[in-house]
Amino acid sequence: MPHKITLIPGDGIGPEVIESAKRCIQAAGVDIEWDVVEAGVGVVEKHGTPLPPHVVESIRRNGVALKGPVTTPVGNGFRSVNVELRISLDLYACVRPCKSYAGVPSKYSDVDIVVVRENTEDLYVGIEFEQGKENTLEFINVVEKLSGRKIREDSGISIKPISVGGTSRISRFAFDYAVKNRRRKVTAVDKANIMKHSDGLFMRVSEEVSKDYPTVSYEHMLIDALCAKIVQNPKHFDVIVMPNLYGDIISDLCAGLVGGLGIAPSANIGEKCAVFEATHGSAPDIAGQNKANPTAILLSSVMMLRHIGETRAADRLERALARTLAKGTHVTSDIKPSSKIGTKQMTDAIVAEMRLE
Ligand code: NAI
């Protein structure tokens with residue numbers, strides 16, 4: 001029986017890297033029936049929204065999706081398809097492994113960090129009060145009345161909720177991930193010394209959860225201390241769990257430690273569904289030119305194959321990709337600036353590596 005998986009090609013370089021993923025997954029020997037659905041600005045005219053309900057329904061039905069990047073147009077009133085998907089499917093955990101591969105230029109070698117980012121709370125909930133609006137002034141008055149603290153009247157305000165339930169489930173997710181993947185340590189990160197009732201709660205709850213996992217060591221670190229330590233000694237870190245905003249920033253920082261966004265995979269996981277995608281965006285500057293590095297979507301595909309139980313195929317694809325990167329003869333120009341190799345040729349080389357096994 002083939003696995004039925006939703007496929008969202010996306011736009012920009014999306015269709016190019018997704019094509020590479022489809023070919024490599026097939027070459028790894030996994031039978032998949034793709035349920036192809038479109039999202040993004042290209043479907044707005046037809047469906048009136050960049051995320052039509054049938055796209056969300058398809059993921060709900062199949063439980064798993066592989067997604068290409070989707071452009072978020074600035075200032076047209078549409079929320080990001082990515083944010084919308086995470087909310088409607090309650091994909092509360094964003095997992096971003098950042099691992100060094102031989103052949104990928106980077107300041108560090110042997111980095112192997114997994115960032116687990118809470119995806120549904122924090123400053124990303126989108127509850128904001130625009131500067132100068134009547135309800136903002138009203139809100140400012142209420143806050144002053146309740147807290148006795150003054151907010152300047154010409155302020156814009158964003159709300160940062162962090163809950164016990166949200167923190168508990170993301171911390172448990174991080175520890176369960178550590179146990180399942182034989183990782184040694186989970187570091188919980190926040191700014192608990194300053195934001196005592198949001199980040200402080202995150203610290204308390206994650207520490208509480210850690211007691212249920214005696215085989216995994218636990219440490220707590222403030223976000224500023226983590227920033228210094230991670231660039232001085234990335235090997236100190238293993239699994240890092242964080243609220244939404246810090247997770248967003250630190251996962252890009254970690255991608256930078258191992259060679260950049262072109263090679264960073266990610267998974268957005270909920271209780272019932274999981275969406276796998278590259279960390280990078282639609283890269284309009286190189287779209288349609290056969291220049292996109294497929295590594296990030298291929299590593300996301302490796303995560304997806306492990307998620308659906310196709311571990312051997314996942315290992316096979318990762319080995320073939322790692323060998324291609326290490327040889328360096330068939331890699332895109334973001335990895336090796338003198339290279340004339342494009343997405344298609346790099347994919348051919350990875351498929352050929354798999355056939356050699
Ligand atoms: P971007 O990640 O698309 O591009 C940043 C830079 O990295 C560009 O110079 C690009 O050429 C390069 N790059 C990205 N992926 C690459 C790859 N696979 N191979 C080689 N070079 C690569 O970020 P940007 O320009 O900020 O965003 C473009 C659009 O993508 C925006 O509309 C943004 O909202 C959207 N976006 C979508 C995401 C998603 O669908 N998950 C995630 C991030 C951004």
Side-chain angles (χ1 to χ4, degrees), residues 6-21 24 37-44 50-51 55 59 65-87 89 91 94-96 101 103-106 115 117 119 124 244 247-249 251-256 258-269 274-301 303-304 321 324-325 330-347 350:
T6 301
L7 187 74
I8 305 171
D11 51 42
I13 59 170
E16 297 165 72
V17 293
I18 284 287
E19 183 56 30
S20 170
C24 289
V37 286
E38 302 283 346
V41 265
V43 303
V44 172
L51 185 62
V55 174
I59 303 174
L66 183 64
K67 176 183 161 295
V70 172
T71 304
T72 305
V74 181
N76 72 350
F78 287 117
R79 272 183 89 171
S80 147
V81 165
N82 307 306
V83 174
E84 210 59 55
L85 261 184
R86 285 170 207 162
I87 291 169
L89 297 169
L91 304 173
C94 179
V95 184
R96 291 187 177 171
Y101 285 92
V104 178
S106 158
V115 175
R117 164 188 173 190
N119 241 351
Y124 280 68
N244 211 336
D248 188 15
I249 298 166
S251 52
D252 273 26
L253 187 153
C254 288
V258 296
L261 285 177
I263 68 148
S266 86
N268 292 293
I269 300 181
V275 176
F276 296 82
E277 63 180 339
T279 299
H280 62 70
S282 56
D285 53 333
I286 56 165
Q289 298 171 39
N290 189 34
K291 282 186 180 166
N293 182 354
T295 302
I297 197 75
L298 294 178
L299 290 174
S300 308
S301 305
M303 292 174 81
M304 184 188 80
L321 173 61
T324 308
L325 292 168
H330 287 77
V331 294
T332 45
S333 59
D334 58 312
I335 296 181
K336 196 168 153 193
S338 62
S339 173
K340 299 275 180 279
I341 293 294
T343 319
K344 285 197 187 84
Q345 295 70 32
M346 184 166 168
T347 307
I350 297 163

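Worth knowing before you read on, the calculation uses all heavy atoms, side chains too, and leaves out hydrogens, waters and symmetry mates. Both counts, for ligands and for their atoms, begin at 1 and track the order of listing. Numbers here are sequence positions counted from 1.
- Proximity of I13 to T343: side-chain heavy atoms (C-beta onward) are nowhere separated by under 4.5 Å.
- Ion pairing between a basic and an acidic side chain is recognised when a charged N comes within 4.0 Å of a carboxylate O; K291 and D334 show no such pairing.
- For ligand 1, residues of the protein lying within 4.0 angstrom by heavy-atom distance are I13, K67, P69, V70, T71, T72, N82, E277, T279, H280, G281, S282, A283, P284, D285, I286, A292, N293, D334.
- In this structure the side chain of M346 reaches within 4.5 angstrom of the side chain of T295, judged on heavy atoms.
- Between L66 and M303 there is no side-chain heavy-atom pair separated by less than 4.5 Å.
- Between the T6 side chain and the A65 main chain, no donor and acceptor come within less than 3.5 Å of each other.
- Judged by the 6.0 Å and 45° rule, R86 forms no cation-pi pair with Y124.
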